[in-house]
There are 2 protein chains.
Amino acid sequence: MTKPRRQTRIQQRNRRAILDAALAEFSNAGFAGATLDAIALAAGLSKPNLLYYFPSKEAIYLDLLSALMSMWLDPLLALDADGEPIEEIVAYALRKLRMSRDFPRESRLFANEIVSGAPRFAARIEGELKNLVDDKAALIAQWQDQGLLAAMEPRHLIFSIWAVTQHYADFDAQVRGILAPHGNAHFDEAERFVETFYRHALAPEAGAPAMPAPAARN
Amino acid sequence: MTKPRRQTRIQQRNRRAILDAALAEFSNAGFAGATLDAIALAAGLSKPNLLYYFPSKEAIYLDLLSALMSMWLDPLLALDADGEPIEEIVAYALRKLRMSRDFPRESRLFANEIVSGAPRFAARIEGELKNLVDDKAALIAQWQDQGLLAAMEPRHLIFSIWAVTQHYADFDAQVRGILAPHGNAHFDEAERFVETFYRHALAPEAGAPAMPAPAARN
DNA sequence: CCTGTTTCTGACCGTCTGGTCAAACAATTC
DNA sequence: GAATTGTTTGACCAGACGGTCAGAAACAGG
C-alpha cells in the first residue's frame with residue numbers, strides 16, 4: 001500500500017484523449033448516434049484499447065456528464081447575494097453566454113441528453129440542479145420584494161437566461177445559417193444584445209420602489 | 001389515366017399512423033436513436049409493411065420535416081406590419097409558447113435535428129427560414145427606428161423568443177425536474193412570464209420617442 | 001538479463017438494424 | 001369467379017455495433 005500512484009502518465013493521457021474524443025462524438029450525435037469505433041478513431045486508439053480504459057460506452061458518457069456537471073453549475077453558483085441585483089444577473093447571463101462560445105460541445109452534450117428526456121440525468125436535475133435553482137430563485141424573489149428588480153417569476157427568469165444563452169451553442173447550426181457569420185464574430189453582437197436586453201427587462205418600474213410586486217401570487 | 005385516385009383509404013390511414021409513430025420516436029430518440037422496429041410497432045404495422053409505404057427510414061424523417069416546416073414558420077409569418085409593435089411581438093411569443101405546449105414532439109424533432117448540426121436541414125434553414133427572418137427583422141428594425149420599440153438587434157430578439165418559448169418543449173425534462181408541476185399547469189405561469197417579460201423588455205425608453213437607436217451599427 | 005505489470009491488438013462473437021424478397025392474402029373490377 | 005391490383009407477412013441478409021479474449025508488446029524494477 002505504499003505509493004498508491006493511482007494513474008500513470010499513459011493512463012492520464014489516454015483517458016483524457018478518450019473523454020475529449022467522446023465529448024466531440026456524443027455532443028454531435030447524441031448517445032445513440034455516437035459509436036465506440038468513431039470515438040476510438042478520434043482518440044487515436046483501437047477499440048479494445050479504449051475498452052481497456054473504460055468498461056463500456058455508457059461509462060464514458062456518465063463520466064463525461066459527471067465531470068461537466070460542476071462546470072455547468074458554476075456560473076449560477078457565483079450569483080452573489082451581496083452584489084447589485086441587476087448587475088449580478090446580467091453578469092450571470094454574460095458568463096453563460098461566454099460558456100456557449102467557449103464550450104459549445106459541453107452545452108450540446110447536455111442539450112442532447114435533456115432533449116431526449118434526460119434518461120441518464122434525471123436524478124441530478126432533480127437533485128443538485130433543482131436545489132441550486134431553488135436557492136437562487138429565492139434570492140431573486142427577495143431582490144424583487146425590495147423593489148430592486150422588475151417582478152417576474154424567478155425560475156422562469158432563470159430558464160430564459162439558460163435558453164437565450166445556450167441557444168447560441170445548442171442551435172449553432174441554425175444561428176449560423178441565419179446570420180452567416182465569420183467565425184465567432186456574432187458572439188460580440190450576442191453579448192451586446194444579452195446585456196442590453198436583460199438590463200432593460202430587469203429594471204424595476206420607475207414609480208414602484210419598495211413594494212411587493214403586482215403579480216406576486218406564489 | 002382515368003380516375004387517378006392517388007391514395008386509397010388504407011394508404012391514408014397507414015401513412016398517417018406511420019408518420020405519427022415516427023414523430024414520437026424521432027423526437028425522443030433523434031434520427032440515429034429511433035428504429036424502424038419501434039416505429040412499426042407503435043404504428044401497429046410490421047416492418048416490411050412499413051417499408052411498403054416509405055422507401056427508407058430517412059424518407060420518413062424527411063417527410064416529417066417537410067410536413068412540419070410550415071407549422072414551424074407560421075407564427076412568425078403572422079407578425080403583422082400594420083399591428084401595434086409591442087402587441088405584435090408579444091402575441092408572436094405567446095403563439096410560439098402555445099406551440100411548445102401543444103406540439104412538443106414537433107419542437108423536439110427540430111431541436112434534435114439542429115443540435116446535431118442540422119445535417120438534413122441546413123438547406124431549408126439557409127433558404128426559407130433565413131428569408132423569413134430577414135424580412136421580419138427588417139420590420140422590427142423599422143419599428144425601432146420609429147421609436148416604437150426598445151433598440152436591440154432584431155435577429156437576436158427573434159432568437160431569444162425562439163429560445164425562451166421552445167425551451168419549455170425541448171428541455172421539458174429539465175423544466176419538469178425543477179418545477180415539478182402537475183400536468184401542464186406550469187405553462188400558465190410561463191405564459192404570464194413571457195408576456196410581462198417581453199412587454200417590459202420591448203418598451204422603448206420613456207424619453208426617446210422617434211430617434212434612431214443608439215447602438216445601430218449595421 | 002529476468003520477471004512481473006501495464007498497455008495494446010487482431011480475431012472473434014452475439015445482437016440489433018435497415019432493408020429485401022418471394023409469396024400469401026385481401027380488395028376491386030370485369 | 002377469374003383476373004388484376006393493392007396490401008401484408010415470414011424468412012432472410014449484409015453490415016454495423018458493443019463488447020470479449022487470448023495473447024503479444026512495451027515497460028518497469030531488480
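Lettering follows sequence order; numbering is per chain, from 1.
Residue B:Gln11 places none of its side-chain N or O atoms closer than 4.0 Å to OP1 or OP2 of D:dG6.
In this structure, B:Arg15 atom CZ and D:dT7 atom C1' are separated by 14 Å, rounded to whole Å. If you take CG of B:Leu50 and C1' of C:dC21, they are 17 Å apart, rounded to a whole angstrom. As a whole-Å value, the separation of B:Asp37 CG from C:dT15 C1' is 12 Å. One can place CG of B:Asn14 at 15 Å from P of C:dA26, the figure rounded to the nearest angstrom. Between the CZ atom of B:Phe26 and the C1' atom of C:dG18 there is a distance of 11 Å, rounded to whole Å. When the C1' atom of C:dA26 is taken as reference, atom CZ of B:Arg13 falls 13 Å away, rounded to whole Å.
In terms of heavy-atom proximity, A:Ile60 sits nearest to A:Ala22 at CG2-CB, 3.5 Å. When all heavy atoms of B:Arg105 and B:Ser27 are compared, the pair lying nearest together is O-CB, 3.2 Å.
For the residue pair A:Ser160 and A:Tyr198, a side-chain donor N or O sits within less than 3.5 Å of a side-chain acceptor on the partner. Residues A:Tyr168 and A:Ser107 have side chains that never bring a donor and an acceptor to within less than 3.5 angstrom of each other. A side-chain donor-acceptor contact under 3.5 Å links A:Ser66 and A:Arg124.
For the segment residues 40-49 of chain B, the set of residues with a heavy atom within less than 4.0 Å of an atom of DNA chain D comprises B:Ser46, B:Pro48, B:Asn49, in numerical order. Taken residue by residue, residues 51-66 of chain A places heavy atoms nearer than 4.0 Å to DNA chain D at A:Leu51, A:Ser56, A:Lys57.
Using bins of under 30°, 30° to 60° and over 60° for the plane-to-plane angle, the ring pair B:Phe159/B:Trp162 lands in the tilted bin.
When heavy atoms are screened at a 4.0 angstrom cut-off, A:Ala32 is found touching no nucleic acid atom at all.
Counting heavy atoms from C-beta outward, B:Phe31 and B:Glu58 have side chains that approach closer than 4.5 Å. Between B:Val115 and B:Phe110 the shortest side-chain heavy-atom distance does not fall below 4.5 Å.
Summarising the geometry, atom CZ belonging to B:Arg95 is positioned 9.5 Å from atom CG belonging to B:Leu77; distances are rounded to the nearest 0.5 Å.
Between B:Ile10 and B:Gly33, the one whose closest nucleotide on DNA chain C sits nearer the 5' end is B:Gly33.
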